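Computed from a predicted model, the values in this text were never measured in an experiment. Whatever order the structure lists ligands and atoms in, that order sets their numbers, starting from 1.
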Amino acid sequence: MSEARTAVLISGTGTNLQAFIDRAAADSLAATLALVLSNRGDAYGLVRAGNAGLPTAVIDHRDYASREAFDREIAARLDAHDIEFVILAGFMRILSPWFVGQYIGRLLNVHPALLPLYPGLDTHRRVLDSGDRFHGSTVHFVTEELDAGPSVLQGRLPVAPSVDAAELARRVQTIEHRIYPDALNWLASGRLRYVDGRAVLDDKVLDSPVVREFQ
Ligand code: GAR
């Protein structure tokens, strides 16, 4: 069986990375965490990776003349570590069409909203401003269009009337920590595939993502 060697790409605190590390430690991750790569040398997630004994790399996007040049360096580093799957976990750089083409079907992102609602930034504030009753997070395949690839798994929670954006962000992140490793397990074990631009789980096309309810 393949080792499902997986890289986690981060830019910040890395709480999602920590969730993957914890699942691996509990022996409930079907993938091997083989590299943690950050575009920022001060990302706290690098400390988490170091504490877990994982290989790390820093590639600073400011050192590259173009988005694609930066992405080609990332790909070279992934190749050097024999990476099969790539997990974006708070990686705050938009990837070039070239990179997406190299990894399509093997590249997942988590986005803090119930896509297709609220692509882009500042999702929690926008949910509160709209008075939505539900919010959550989405794991999706990455395609060339930002936050628009086929959704795989959503965690959904009701928006309490008195909640503020910071608390909502905290709750959504807790959900991400539950759903993202599960989605990677599906992908790494071959249950989840990307076929003709669609997500396929257990040989069934997902016309909409699997939804899990949280409180
Ligand atoms: C996560 O909440 C993730 O949904 C979000 O960044 C956070 C990273 O947190 N991603 C995006 O907004 C991508 N558009 P973490 O560094 O603690 O895992």
Side-chain angles (χ1 to χ4, degrees), residues 6-25 29 31 33 35-52 54 56-59 61 67 71 74 85-96 99-100 103 107-129 132 134-157 159 163-184 209 211-212 214:
T6 299
V8 183
L9 272 53
I10 62 168
S11 300
T13 55
T15 65
N16 278 283
L17 167 65
Q18 189 66 53
F20 286 104
I21 291 170
D22 293 346
R23 289 282 290 263
L29 197 68
L33 300 177
L35 180 66
V36 174
L37 190 151
S38 175
N39 65 309
R40 297 181 54 123
D42 61 354
Y44 184 69
L46 292 169
V47 176
R48 297 179 189 275
N51 290 341
L54 298 178
T56 59
V58 176
I59 302 177
H61 57 279
R67 197 177 287 285
D71 287 0
I74 295 176
F85 300 110
V86 178
I87 294 299
L88 306 182
F91 184 67
M92 302 309 273
R93 303 296 303 167
I94 294 171
L95 293 163
S96 61
F99 186 93
V100 172
Y103 290 94
L107 178 57
L108 293 177
N109 183 42
V110 70
H111 180 76
L114 297 173
L115 291 172
L117 298 175
Y118 309 110
L121 298 175
D122 208 14
T123 57
H124 312 298
R125 165 61 42 211
R126 289 154 68 202
V127 163
L128 289 176
D129 288 349
D132 292 2
F134 291 94
H135 185 32
S137 184
T138 306
V139 179
H140 65 97
F141 280 113
V142 176
T143 57
E144 281 187 24
E145 199 184 335
L146 185 68
D147 299 330
S151 292
V152 171
L153 179 57
Q154 286 185 330
R156 200 171 88 125
L157 86 166
V159 179
V163 76
D164 64 13
E167 173 64 8
L168 202 49
R170 197 188 61 74
R171 291 196 187 176
V172 166
Q173 273 200 331
T174 305
I175 289 174
E176 293 179 340
H177 304 160
R178 304 270 298 277
I179 64 173
Y180 207 3
D182 287 344
L184 175 59
V211 178
R212 290 202 188 137
F214 292 84

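Counting only distance, with no hydrogens or angles, the side chain of Gln18 and the backbone of Thr13 share no donor-acceptor pair below 3.5 Å. Judged by distance alone, the side chain of Asn16 and the main-chain N or O of Ala89 form no donor-acceptor pair under 3.5 Å. Within the 3.5 Å criterion, the main-chain N or O of Met92 finds a donor-acceptor partner in the side chain of Ser11.
Few gaps surround CZ on Arg93; more than 12 heavy atoms of other groups in view lie less than 6.0 Å from it.
Within 4.0 Å of ligand 1, the residues that place a heavy atom are Thr13, Gly14, Thr15, Asn16, Gly90, Met92, Val110, His111, Pro112, Gln173, Glu176, listed by chain and number.
The closest side-chain donor-acceptor pair between His140 and His111, if any, does not fall under 3.5 angstrom.
Screening residues 136-152 for salt bridge (Lys or Arg N to Asp or Glu O under 4.0 Å) gives no qualifying pairs among residues at least two apart or on separate chains.
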